[in-house]
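Structure first, then comments.
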2 protein chains.
Amino acid sequence: MARKRLTREESRAQTRERLLEAARELFTERGVNGSSVEQIAERAGYTRGAFYGNFADKQELVAELLEQRTRSEVAEVSDLQRRAESFGDMLELLRHWNRERDQNLPDWMALRLELVLHALRNPEALPMLAQREKLARSSIQTAIEQRIGEHGALPADPALLALIVHALEDGLLIQRLLFPDEIAGDVVVDAVDVLLRSWRPVASDPPD
Amino acid sequence: MARKRLTREESRAQTRERLLEAARELFTERGVNGSSVEQIAERAGYTRGAFYGNFADKQELVAELLEQRTRSEVAEVSDLQRRAESFGDMLELLRHWNRERDQNLPDWMALRLELVLHALRNPEALPMLAQREKLARSSIQTAIEQRIGEHGALPADPALLALIVHALEDGLLIQRLLFPDEIAGDVVVDAVDVLLRSWRPVASDPPD
DNA sequence: ACACTTATATACATACTCGTATCTGGATGC
DNA sequence: GCATCCAGATACGAGTATGTATATAAGTGT
C-alpha cells in the first residue's frame with residue numbers, strides 16, 4: 001500500500017472534504033441544529049481547530065453542503081435527460097436510479113428535508129435549491145411534450161403535468177419513509193408510469 | 001371584562017396548553033432542536049419551572065404535540081369525508097380547506113416536516129403519524145372507487161391511485177414553499193382535479 | 001381563618017457550545 | 001539543515017441549556 005504523500009493543498013482539501021462528509025452524516029442522524037461543530041470535527045477525526053480553519057461557522061458549511069449536493073443532483077438529472085433516448089429508456093433509467101437511491105433512502109430523504117427546512121428559514125439559500133427543482137421540472141416537461149404531447153392533446157397544461165410528476169417524487173418518498181414495508185421500493189417509477197400512461201392520448205399507441 | 005377565576009385544574013390545563021402553543025410557534029420558526037425549553041416557557045409567559053412541572057422534558061412535549069396535531073387532522077379528514085356527498089362536493093370542500101391552510105402554509109408545512117423528521121429519528125412516534133396518513137389514503141381510495149371506479153375500469157390498482165393523490169399533496173406543498181410566487185395556491189386541488197379527470201373512464205360522463 | 005396542597009418562580013450545579021487566541025510540529029523552500 | 005509557514009491542536013472565556021431542589025404565593029377544604 002503505497003500511500004501517496006499529500007501536498008499541503010491536497011491535505012487541506014481532504015480535511016475539508018472529511019468535515020463535510022461527517023456533517024452530512026450527522027445532519028442526517030440528528031439534524032442540522034442537533035449537531036454541534038465539535039461533534040462534526042470529532043467524527044471527521046479532528047478537533048474544532050480544524051473546523052474553524054476551514055469554515056467561518058456552521059452556516060458556511062451548510063451552504064457549501066447545499067451547493068455540493070445541488071451540483072451533484074443537477075449533474076444526475078442532466079445525465080438522465082441526456083442518456084434517455086426513448087420514453088421506455090427514461091423509465092428504465094429512472095427505475096435503476098431509484099433502486100440505487102433506495103438503499104439509503106432514509107438518509108437521502110432526511111438530508112433533503114433538512115435542507116428544505118434550512119432554506120425555508122434562510123431564504124438566501126433558496127435559489128440554490130430552486131435551481132435543482134427547476135431543472136428537474138423543465139426536463140420532465142420536455143419529456144412529456146416530446147414523448148406524449150406530439151401524439152395528441154394533453155389533459156392539461158404541460159407545465160402543470162410536469163409539476164405533478166416532479167412533486168410526486170417527494171411526496172411518495174415521504175410516504176415510503178413512513179411505511180417502509182407497506183410501500184414498494186419502485187413506487188416512484190410505478191406511479192410515474194401510471195400517470196404518463198393515463199395521459200397518453202388513446203389515439204395512436206406507438207409500438208415502442 | 002369579567003375574567004373568570006380558574007380552578008387549579010383549569011389553570012394547570014391552561015398553562016399546559018399555552019406551553020404547547022408556544023412550542024408550536026417556536027418549532028415552526030426555529031425547529032425542534034433550535035428551540036430551548038427556556039424559550040418555550042418564556043414565550044408562553046412562564047419560566048422553566050412551569051415547564052418541568054407539566055412535562056418531563058422536551059421529548060414528552062413533542063410527543064404530545066404530535067398527538068394533538070394528529071387528532072385534529074384525523075378529525076378534519078373524517079369531517080371532509082363525511083360532508084362530501086358528490087364528487088364535485090369533495091373537490092369544492094378540498095379547495096376551501098386548502099385556501100384556509102394556504103394562509104399559513106409555511107408554518108403549517110414547516111411543522112409537518114419537523115414532525116416527519118422527528119418521527120424518522122424516533123420510531124416510537126411513527127405509529128402516531130402513520131395513523132393520519134392511513135386514514136387520508138383510505139378515504140381517498142374510497143372516494144376514487146365510488147366516484148370513478150363504478151363507471152368503468154381504473155387505470156391501475158385503486159390503492160396505488162389513492163397513494164398517488166395523497167402523496168401529491170406533500171410534494172406540491174413543498175414545491176409551493178420553494179416557489180411561492182410561481183405556483184398557484186390552488187395547485188393541490190387543480191392537480192387532483194386533473195388526475196381524477198384523466199382517470200375517469202371516458203365512457204359515461206354523468207351530468208354532475 | 002386555618003392548615004395544607006400544589007403550581008410556578010427562583011436558585012443552583014453541571015454540562016455543552018461557540019468563537020478566538022495561542023501554541024506546536026511537520027511540511028516547504030532556500 | 002536552517003528558517004519559515006501553516007494546518008490543526010490546545011487553552012480559554014463567555015454564553016447557554018438542562019434538570020433538580022427549594023422557596024413562595026395562591027387555591028382549597030374544613
Side-chain angles (χ1 to χ4, degrees), chain A residues 2-65 114 117-118 121-122 125, chain B residues 1-65 114 117-118 121-122:
Chain A
R3 176 161 294 286
K4 185 182 170 238
R5 208 150 166 65
L6 302 175
T7 93
R8 283 206 179 169
E9 204 180 359
E10 285 170 331
S11 159
R12 191 173 152 80
Q14 188 187 60
T15 300
R16 221 182 145 79
E17 196 45 57
R18 284 182 180 161
L19 286 168
L20 282 163
E21 173 59 22
R24 228 167 304 175
E25 293 176 17
L26 279 165
F27 290 172
T28 296
E29 292 168 22
R30 317 169 159 218
V32 174
N33 267 320
S35 315
S36 72
V37 170
E38 173 134 40
Q39 289 168 337
I40 295 172
E42 189 187 359
R43 168 145 338 180
Y46 300 91
T47 63
R48 253 171 327 145
F51 184 98
Y52 286 108
N54 280 280
F55 302 95
D57 54 13
K58 205 164 73 177
Q59 281 283 104
E60 192 177 298
L61 176 141
V62 174
E64 173 134 352
L65 201 54
E114 280 290 333
L117 281 172
H118 175 83
R121 292 171 185 142
N122 304 71
Chain B
M1 154 119 51
R3 176 162 294 287
K4 181 178 172 245
R5 207 151 165 62
L6 301 176
T7 93
R8 281 206 179 167
E9 206 179 358
E10 284 171 331
S11 158
R12 191 173 152 80
Q14 188 186 59
T15 300
R16 221 181 145 79
E17 195 46 56
R18 283 182 181 160
L19 285 168
L20 282 163
E21 173 59 22
R24 227 167 304 174
E25 292 176 20
L26 279 166
F27 289 172
T28 296
E29 292 168 21
R30 314 168 162 221
V32 174
N33 269 321
S35 315
S36 72
V37 170
E38 174 136 40
Q39 289 168 336
I40 295 171
E42 189 187 1
R43 168 146 337 180
Y46 301 91
T47 63
R48 253 168 330 139
F51 184 98
Y52 285 109
N54 280 280
F55 303 95
D57 54 14
K58 206 164 72 176
Q59 281 283 105
E60 191 177 299
L61 177 141
V62 174
E64 173 135 353
L65 201 55
E114 282 287 336
L117 280 171
H118 174 83
R121 292 171 186 142
N122 304 72

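Worth knowing before you read on, the calculation uses all heavy atoms, side chains too, and leaves out hydrogens, waters and symmetry mates. Letters A, B, ... mirror the listed sequences (proteins, then strands); counts begin at 1. In this text, all values refer to a predicted model and were calculated from it rather than measured experimentally.
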Next item on the list: Starting at the 5' end of nucleotides 5-15 of chain C, put B wherever the base has a protein heavy atom under 4.0 Å, S where only the sugar-phosphate does, and a dash everywhere else.
Entry: BSSSBB-B---
Can you check nucleotides 23-25 of chain D for protein contacts, nitrogen or oxygen pairs under 3.5 Å, and list what you find?
none

Find the distance [X]:[atom1] to [N]:[atom2] and express it as a whole number of Å.
X	N	atom1	atom2	answer
A:Glu38	D:dA11	CD	C1'	13 Å
A:Phe55	D:dG8	CZ	P	11 Å
B:Lys58	D:dG19	NZ	C1'	14 Å
A:Glu17	D:dA7	CD	C1'	17 Å
A:Gln59	C:dT17	CD	P	17 Å
B:Tyr52	D:dT22	OH	P	18 Å
A:Asp57	C:dT17	CG	P	16 Å
A:Ile40	C:dC16	CD1	P	17 Å

Next item on the list: Measure the angle between the two terminal helix axes of the helix from C:dA1-D:dT30 to C:dC30-D:dG1, five base pairs each, and quote it to 10°.
Entry: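 End axes: 20° apart.
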Next item on the list: Check the pair A:Leu117, B:Leu117 against side chain to side chain contact (heavy atoms under 4.5 Å, CB included), reporting the backbone distance first and the verdict last.
Entry: CA-CA 10 Å; A:Leu117 281 172; B:Leu117 280 171; 3.8 Å; yes
Item checked: side chain to side chain donor-acceptor pair (under 3.5 Å) pairs, two or more places apart, involving residues 41-53 of chain A ->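 Output for this query lists A:Thr15-A:Tyr46, A:Arg18-A:Tyr46, A:Glu25-A:Arg43, A:Glu29-A:Arg43.
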Notebook entry, point to check: Is there a residue in residues 20-37 of chain A whose heavy atoms reach under 4.0 Å of DNA chain D, and which residues are they?
Noted result: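 Going residue by residue through residues 20-37 of chain A, none turns out to have a heavy atom under 4.0 Å of DNA chain D.
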Next item on the list: Report the distance from atom CG of B:Leu65 to atom CD of B:Glu21, rounding to the nearest 0.5 Å.
Entry: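 Answer for the CG-CD pair, B:Leu65 versus B:Glu21, is 9.0 Å.
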Just distance, no hydrogens or angles: give the donor-acceptor pairs under 3.5 Å from side chains in residues 53-61 of chain B, sequence neighbours left out.
unit_1: B:Asn54; atom_1: ND2; unit_2: B:Ala50; atom_2: O; d: 3.0
unit_1: B:Asp57; atom_1: OD1; unit_2: B:Gln59; atom_2: N; d: 3.4
unit_1: B:Asp57; atom_1: OD1; unit_2: B:Glu60; atom_2: N; d: 3.1
unit_1: B:Lys58; atom_1: NZ; unit_2: B:Val32; atom_2: O; d: 3.0
unit_1: B:Lys58; atom_1: NZ; unit_2: B:Ser35; atom_2: O; d: 2.8

Item checked: Nearest non-hydrogen partners of A:Leu19 and A:Ala44, listed with the distance ->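 Residues A:Leu19 and A:Ala44, closest heavy atoms: CD2-CB, 3.8 Å.
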Item checked: Check: A:Arg30 main-chain N/O paired with B:Asn33 side-chain donor or acceptor under 3.5 Å ->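 Judged by distance alone, yes, a pair lies under 3.5 Å.
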Next item on the list: Inspect the contact between B:Arg24 and B:Glu114 and indicate whether a charged nitrogen and a carboxylate oxygen are less than 4.0 angstrom apart.
Entry: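 So B:Glu114 does not pair with B:Arg24 through a salt bridge.
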